[in-house]
Amino acid sequence: MRISQEGATWTLNSEWRDLKNRFDRASEYQLIEGGIMAGITVESRYLSDISVGDLNVKWSARGDRILRYYIDFRHRTLNLHRELGAPDLSILQEKANALLASWDEKTDKHNVKTMFADGKAEAERLTVQAELERDQLSNILSHTLGIDDTVDWDELRRNDAFGRSDKFDRPRPQLERENAPAYEEPKITFWDTLFGKKASLIQQAEETHAVRMEEWQRREAARKDAHDKSIVAYEMERSAFLAKHAEDKAAHEEEVAEHNRAIEELIGSLREGHEEAVMEHASLVLEASNYHGLIEKEFVLDYRSQDKTLLVEYEMPNPDDLPTVKSVRFVRATGELKETPLAARAKKDLFEGTIYQIALRSIHEVLEADDFQNIENVAFNGFVTAINPANGLSNRNCILSVLCSRAEFEKIDLARVEPKACFKALSGVSAASLAALAPIPPIITIDKCDRRFVDGREIADTLDASVNLAAMDWEDFEHLIRELFEKEFNSRGGEVKVTQSSRDEGVDAIAFDPDPISGGKIVIQAKRYTRTVGVAAVRDLYGTVMNEGATKGILVTTSDFGPEAHKFATAKPLSLLNGANLLHLLRKHSYDARIDLAEAREALD
């Protein structure tokens, strides 16, 4: 304990027990942890804001009695400081109570003031946000006019290098050596020489050294043996690491190459005007359209090559999905934020303006992005799903429909039009009030039959023990997977359809399982790989499952899956079947084949 004296004032910096041998009346001035005197109670509703200093006492000139007690109080939030003094503990307690009570009142006022300021600021922020959202919706058509809607193919292509280093981080084990024991010369005195003990002492020293050398050699041999084993283990671990790294790198490069091949195939198919390619391209364009998170994009596309007509069925927001708040104010009396809704007329105008703009904007985007002039006409149908207040049922109605040609649409100056008038000028059809959600018959409807499906080929009967699945034609492999799963699902009335090669949005086959519990639409992808399948392929499958509205996804490969792929698939509706699983499934249905990845790599390179 340390006691400092300044004049007649002594400062106690620790518990009183250290002073009991110095002053007679020790028990009267005991301190508790933190420097607060026993008998002084600190009461406040904001204790976390209060700090209390050590006890200071002023002694008489003779040092035989205390004249006055001092204690220091600080309030962190209010930035207040006060030193209280009294000749008696009870008086000091009263002063402390009065001080802390006054500070509590000031803190209350400060908190209320802060709450009001924060509440008012939050209300202003929410009001500005509501105004911004309405302004963004009112300008979604003009927003797209300043954007190039063509697809940036370079951005879609992948050029990402394999990220992991091939450096094996664990250092090579080093051989720890121990210096050989030195020969210790015996201490020979004159008397040892005189009495003939010299030779005996030398022999004894040599024998001792020989024993120590033998023990050292055994330790060195054991140490070298352990080192040799650690080197073998190190080299095996390093070789396994490098092999795994090379395999992962090759798998990554194969994924990148396959992705880029698909992009090039899509571009080539667009040049030739293939229907699936035109739809996939239009889907890329509409998905890239930025509505600032205010519109949830959902649509279905179709394309008729005979008259170059793109059909778009767009799920429009219903009136309650759009921002309905005009302003927000802070109520001082209750501390609540109260929203003022838009007037019915303003809400109706916002909805109708938004719907007409989405229609015109979507037509503009697909036509502007059509570099290969595959689209001459665009049919747009806008659907809204909402609850019918008359019966409480959810209805999906087409509320507007338009069919226009490229030639007539390109004559329009979209920067200066009034959206509803422009839509009507294009012979668009809609009810007098879109907000009523009254159904109208679409001008053209989309054929719901999935035209991606093609006739399957029978491949399984051509298999035998000589067929290497990893080296077979990739299109034949897809048909084999379709045929194999068809046999799996046939027992319960299921059906499996194979899709057209490439341009299939990641779908190689689709199974329809009628089982009411575990069934549904199942997306199947086939990867005839000779390298490990990475996590990117599994992520793509999961995205396809979500996009297709499927209940499950199955990824089949001739190789195997990396640990990250398995980790990503955990707890998701995904099944990963490797080469061993595939061979087992084939044998289950009495087919024989083999998988030799090394042979396939040599044959395919």
Side-chain angles (χ1 to χ4, degrees), residues 157-185 205-261 470-471 527-542 555 557-572 574 576-582 595-605:
R157 293 183 180 94
R158 289 178 58 181
N159 57 4
D160 49 305
F162 187 62
R164 293 204 305 273
S165 169
D166 61 352
K167 181 180 179 181
F168 188 58
D169 291 334
R170 192 163 70 83
R172 183 183 178 88
Q174 299 297 318
L175 178 61
E176 296 180 3
R177 293 187 178 277
E178 176 186 340
N179 292 332
Y183 174 73
E184 296 181 3
E185 294 285 347
E206 290 175 347
E207 290 175 353
T208 300
H209 178 69
V211 169
R212 292 175 61 194
M213 281 293 294
E214 186 177 351
E215 291 176 351
W216 174 80
Q217 288 169 350
R218 279 199 301 269
R219 290 197 301 272
E220 284 298 293
R223 188 179 289 110
K224 187 176 184 306
D225 183 60
H227 173 71
D228 291 343
K229 290 179 179 178
S230 67
I231 289 295
V232 171
Y234 170 84
E235 292 297 340
M236 290 177 64
E237 189 176 345
R238 181 175 178 275
S239 298
F241 172 84
L242 294 176
K244 182 67 168 57
H245 179 275
E247 187 176 347
D248 290 347
K249 182 179 180 181
H252 174 80
E253 292 173 348
E254 186 171 349
E255 281 183 16
V256 171
E258 184 178 357
H259 173 85
N260 291 338
R261 280 195 301 269
K527 300 291 186 185
R528 190 219 58 188
Y529 276 10
T530 59
R531 307 284 184 183
T532 301
V533 179
V535 68
V538 185
R539 284 200 187 98
D540 290 344
L541 171 62
Y542 185 60
L555 185 57
T557 183
T558 48
S559 57
D560 206 344
F561 299 92
E564 290 299 318
H566 283 291
K567 182 178 178 181
F568 179 83
T570 302
K572 293 182 178 66
L574 303 176
L576 307 182
L577 303 184
N578 61 17
N581 300 138
L582 175 57
I595 294 177
D596 188 327
L597 300 181
E599 177 187 289
R601 282 195 290 268
E602 185 176 344
L604 295 173
D605 286 344

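Small disclaimer: the values here were computed from a predicted structure and weren't measured.
Aromatic ring orientation, F561 versus H566: perpendicular (interplanar angle above 60°, classes split at 30° and 60°). Aromatic ring pairs are classed by plane angle as parallel below 30°, tilted from 30° to 60° and perpendicular above 60°; the pair F168 and F241 is tilted.
Counted within 6.0 Å of CZ on R170, heavy atoms from surrounding residues, nucleotides or ligands total more than 12; the atom is thus considered enclosed. Residue E176 places its CD atom among 12 or fewer non-hydrogen atoms of other residues, nucleotides or ligands, all under 6.0 Å distant. Applying the 6.0 Å contact sphere to NZ of K244 captures more than 12 heavy atoms from other residues, nucleotides or ligands.
The shortest heavy-atom contact between A182 and R212 is O-NH1, 3.9 Å. Of all non-hydrogen atoms in V256 and D160, the two that sit nearest each other are CG2-OD1, 3.9 Å. What you find for A565 and V533 is that their closest heavy atoms are CB-O, 4.0 Å. Of all heavy-atom pairs between V538 and A569, the closest is CG1-CB, 4.2 Å. Residues H245 and F162 share a closest heavy-atom pair of NE2-CE2, 3.5 Å. Of all the heavy atoms in R158 and A536, the pair that sits closest is NH1-CB, 4.2 Å.
Atom-to-atom distance recorded for D169:CG and R238:CZ is 11.5 Å, nearest 0.5 angstrom. Here OG1 of T558 is found 11.5 Å from NZ of K527. Values are rounded to the nearest 0.5 Å. Within the model, atoms CG of L574 and OH of Y542 stand 7.5 Å from one another, a figure rounded to the nearest 0.5 Å. Summarising the geometry, atom CD1 belonging to I231 is positioned 4.0 Å from atom CZ belonging to R172; distances are rounded to the nearest 0.5 Å. The line from CD of E254 to OG1 of T532 is 9.5 Å long, rounded to the nearest 0.5 Å. Of the inter-residue distances, the one linking K572 atom NZ with R539 atom CZ reads 9.0 Å to the nearest 0.5 angstrom.
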Check against side-chain contact (heavy atoms from CB on, under 4.5 Å), Y183 and M213: CA-CA 9 Å; Y183 174 73; M213 281 293 294; over 6 Å; no

Quick one: do K224 and E220 satisfy salt bridge (charged side-chain N to carboxylate O under 4.0 Å, His left out)? Show the steps, please. CA-CA 6 Å; K224 187 176 184 306; E220 284 298 293; over 6 Å; no

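At a threshold of 4.5 Å between non-hydrogen side-chain atoms, the residues E214 and R218 count as touching. When side chains are defined from C-beta on, R223 does not count as touching R177, because their heavy atoms never get closer than 4.5 Å.
Considering T530, N578, L597 as possible partners of S559, the one that fulfils the side chain to side chain contact (heavy atoms under 4.5 Å, CB included) test is L597.
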